[in-house]
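Before any comments, here is the structure.
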Amino acid sequence: MKWYRADLHLHTPASDDYQQPSVSTLDILRQAESRGLDIVAFTDHNTVGGYAAMQQEIEQLAWLEQLGRIQAGERDKLVDYRRLLEKILVLPGFEFTATLGFHILGIFAPETPLRQLEHVLLSLNVPPEALEAGSSRVGASADVLTAYRLINEAGGICIAAHVNSTHGVAMRGVDFGGQTRIAYTQDPNLHALEVTDLTSRARNSTQRFFSGTKPEYPRRMRCVQGSDAHRLRAARSRERARNLGIGDRVTEVQLPERSFPALLDLFRSNDFSRSRPFTVSSKNYDYVALAREDGSSVIQSFHESMTRRGGRLYNIISDVCAFANGNGGTIWVGASDDRKQAPAGVSRVKDSIKTLGEAINSMLTPTLEVTIDALESQGKQVVRLRVPRGEDKPYAIEDYKIYVRSESETSLAVRDEIVNLVRQQTEAESSGAAGGTAAQSGDDAQGNEGAKDSAAGNAREAGADDKGVKPPRGGVEIVGTEQRNDVRYHVLRDLRNGNIVKNVTRSSARRLWHYAITRRENNPVRPGNVQWQGDIGLVRRYQRDGKPRFDLAQRNNGNIRVYYGVAESGMHGEWQVFLSDEEN
């Protein structure tokens with residue numbers, strides 16, 4: 001494996017908004033070389049004209065050489081082209097403008113016939129005359145999801161361009177429907193999101209938003225960066241972000257070889273440690289340390305050791321089971337989630353990986369393919385287990401112990417959770433038998449499996465106001481209580497997935513449930529003690545495992561609903577008013 005520098009979003013003078021029309025494709029390749037790039041893609045607006053112009057020039061020069069009529073200057077050009085194309089992998093592509101003005105990158109193998117790429121653009125309703133114009137304005141073209149599908153089916157890498165800025169499918173402040181935004185960023189035909197804040201470690205960065213921790217965005221998305229260069233070098237202006245040069249925003253990718261198939265395999269994989277923003281300190285980019293910054297969550301857990309004594313190995317396999325019953329996740333062995341402590345590391349890595357693999361195969365049913373490898377952090381080897389979202393739920397340990405993940409906690413599933421897992425699996429199989437409609441809409445790939453409909457129905461059952469502020473997307477709500485023989489039995493709703501769990505007592509409750517029941521019984525919410533902002537309010541802010549949690553309230557038709565233990569990832573929309581500036 002080797003790290004290669006890639007700028008997969010470059011324009012040429014074939015785009016009508018290129019800022020230096022006299023620049024040649026040879027100039028672009030020379031500048032790419034000077035910036036140390038290994039892979040580039042020509043992605044002009046709704047055309048492959050730039051890549052075609054380069055091919056035509058090289059063919060013409062080679063023809064003159066073959067005829068013996070090439071002149072000295074032309075020979076120098078041809079030699080330079082050949083040298084640069086040996087050094088830099090140049091990929092054909094385009095930046096398609098979908099309906100509503102969203103931009104999508106399609107990047108293809110060098111041997112792909114340009115007529116095939118033009119056919120893709122024509123199939124996306126790009127007018128024939130626009131194939132030569134290189135304009136981002138093409139009229140009534142195809143929709144975003146159709147573009148994702150056609151690019152993927154044509155064998156290309158599909159990337160949503162600059163998603164968090166102008167013409168991006170995840171641009172903030174533009175309301176085009178929550179379900180639409182989810183579909184545009186979670187579709188199975190989409191390989192990655194291009195972002196402009198990849199180097200940011202802020203809690204509200206695009207990469208963290210699409211980390212897979214948010215219930216409505218369960219698929220973790222690969223985030224990359226590109227220059228979107230419309231000129232050779234950055235312009236000195238107040239709007240420098242709009243005038244970047246070649247190689248000003250670069251992504252490094254780890255590949256076994258510098259080839260399009262290797263790049264495509266990477267974009268289709270779920271190994272997120274093999275792509276990173278290129279900076280002067282890229283060699284010190286510690287993927288394990290970055291994971292530890294995010295800490296334990298619904299998709300990530302940490303174990304300092306894996307000894308059989310003390311049940312540590314069993315706890316790891318329990319996490320495997322829980323992640324498989326959810327939307328998948330990553331398990332780190334050899335490091336805690338306290339980033340202030342140095343990683344303990346794992347000795348005899350190969351033996352440890354073998355032990356983990358054998359334990360998963362012998363203890364977990366049905367079978368599940370878990371990828372196990374190791375990464376280095378602070379001089380220590382840390383084992384990583386990448387658990388996919390299970391396709392045959394529920395998964396169990398020793399045939400009968402079914403585990404689920406709730407926030408950062410793995411617990412044995414209770415009856416209602418097992419019923420929900422079986423129901424979801426049955427619905428997924430029924431959808432597949434009906435012709436794959438769920439897969440076509442993207443619901444199956446998102447791992448929702450009917451959870452949205454279930455959550456909506458449960459919300460209506462509790463009297464939610466569809467016209468008001470939606471409940472937070474995390475934590476737990478107690479929706480009913482019944483006393484039997486001096487014992488209180490509670491009905492709880494998991495706000496992440498909308499599942500209802502009945503017959504929960506204080507003694508039988510897991511950690512978050514126990515907290516909610518204890519607060520409900522010992523410290524009932526009084527309206528006068530709530531920090532109200534309209535009909536929503538903050539009851540209490542506290543720390544759990546070093547991370548902020550929130551107890552929230554909402555007035556609804558004369559009643560007050562209380563949501564306990566909501567994490568930052570569940571604070572959406574108007575609920576974000578209760579976050580501090582640092583958390584925002």
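Keep in mind that the numbers below use all heavy atoms, side chains included, and drop hydrogens, waters and symmetry copies.
For Phe550 and Phe578, the ring centers are positioned 6.0 Å apart or more.
To the nearest 0.5 Å, atoms CG (Asn189) and OH (Tyr148) are separated by 10.0 Å. Here CD1 of Ile107 is found 4.5 Å from CG of Leu8. Values are rounded to the nearest 0.5 Å. To the nearest 0.5 Å, the span separating CD1 on Ile246 from CG on Leu37 amounts to 8.0 Å.
At a threshold of 4.5 Å between non-hydrogen side-chain atoms, the residues Ile517 and Tyr564 do not count as touching. Side-chain contact between Asn361 and Thr367 is absent, with no heavy-atom pair separated by less than 4.5 Å. Contact of the Val370 side chain with the Val320 side chain is registered, since non-hydrogen atoms from C-beta on lie closer than 4.5 Å. Counting heavy atoms from C-beta on, the side chains of Leu412 and Ile402 never come closer than 4.5 Å. A 4.5 Å side-chain heavy-atom check between Glu477 and Leu495 finds at least one atom pair inside the cut-off. The shortest distance between side-chain heavy atoms of Ser508 and Val504 falls below 4.5 Å. In this structure the side chain of Val163 never reaches within 4.5 angstrom of the side chain of Met221, judged on heavy atoms. Between Ile500 and Leu492, the closest side-chain pair of non-hydrogen atoms is not below 4.5 Å.
Judged by distance alone, with hydrogens and angles left aside, the side-chain atoms of Ser377 form no donor-acceptor pair with the main-chain N or O of Lys380 at under 3.5 Å. Side chain of Asn164 to backbone of Thr196: a donor-acceptor contact under 3.5 angstrom is found. Tyr395 contributes a side-chain N or O that, together with a main-chain N or O of Asp392, makes up a donor-acceptor pair within less than 3.5 Å. Judged purely by atom type and a 3.5 angstrom limit, Gln186 uses its side chain to pair as donor or acceptor with the backbone of Arg219. Arg35 contributes a side-chain N or O that, together with a main-chain N or O of Gly247, makes up a donor-acceptor pair within less than 3.5 Å. Without hydrogens or angle criteria, Arg220 side chain to Phe272 main chain gives no donor-acceptor distance under 3.5 Å. When atom types are taken as modelled, the side chain of Lys2 and the backbone of Arg258 share no donor-acceptor pair closer than 3.5 angstrom. A donor-acceptor pair under 3.5 Å is absent between the side-chain atoms of His191 and the main chain of Ile157, judged by distance alone. For Asn315 (side chain) and Gly311 (main-chain N/O), a donor-acceptor pair under 3.5 Å exists by modelled atom type.
For the pair Arg540 and Tyr542, the cation sits on the ring face: its NZ or CZ lies under 6.0 Å from the ring centre, inside 45° of the axis. Annotation: cation-pi pair Arg274/Trp3 absent, no NZ/CZ under 6.0 Å from the ring centroid and within 45° of its normal.
Qualifying salt bridge (charged side-chain N to carboxylate O under 4.0 Å, His left out) partners for Arg473, counting only residues two or more places apart in sequence or in other chains: Glu216. Checked against salt bridge (charged side-chain N to carboxylate O under 4.0 Å, His left out), Glu574 has no partners two or more places apart in sequence or in another chain.
For the 3.5 Å distance criterion, the side chains of Asp248 and Ser227 fail to qualify, holding no donor opposite an acceptor. Using modelled atom types, one finds no donor on one side chain facing an acceptor on the other under 3.5 Å when comparing Ser205 with Asp197. No side-chain N or O of His162 forms a donor-acceptor pair with one of Gln225 less than 3.5 Å apart.
Between Asp551 and Arg520 there is no salt bridge, since no side-chain nitrogen of the basic residue lies less than 4.0 Å from a carboxylate oxygen of the acidic one. Between Asp319 and Arg405 a salt bridge is recorded (basic side-chain N to carboxylate O distance below 4.0 Å). A salt bridge between Arg386 and Asp373 is present, with a side-chain N of the basic residue lying under 4.0 Å from a carboxylate O of the acidic one.
Relative orientation of the Tyr403 and Tyr314 rings is perpendicular, given thresholds of 30° and 60° on the angle between their planes. Ring geometry, Trp575 versus Tyr563: the interplanar angle exceeds 60°, so the pair is classed perpendicular (tilted spans 30 to 60°). Using cut-offs of 30° and 60° for the angle between ring planes, the Trp332 and Tyr287 rings count as tilted.
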### Task
Kindly indicate, with the supporting measurements, whether the criterion salt bridge (Lys or Arg N to Asp or Glu O under 4.0 Å) is fulfilled by Arg384 and Asp271.
CA-CA 10 Å; Arg384 175 181 60 169; Asp271 188 348; 2.9 Å; yes
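Between Arg510 and the options Glu417, Glu407, Glu409, a salt bridge (charged side-chain N to carboxylate O under 4.0 Å, His left out) holds for only Glu417. With Val387 as reference, Leu368 is the one residue of Asn327, Leu368, Asn270 to meet the side-chain contact (heavy atoms from CB on, under 4.5 Å) rule. Just one of Arg339, Arg208, Lys547 meets the salt bridge (charged side-chain N to carboxylate O under 4.0 Å, His left out) condition when paired with Glu293; it is Arg208.
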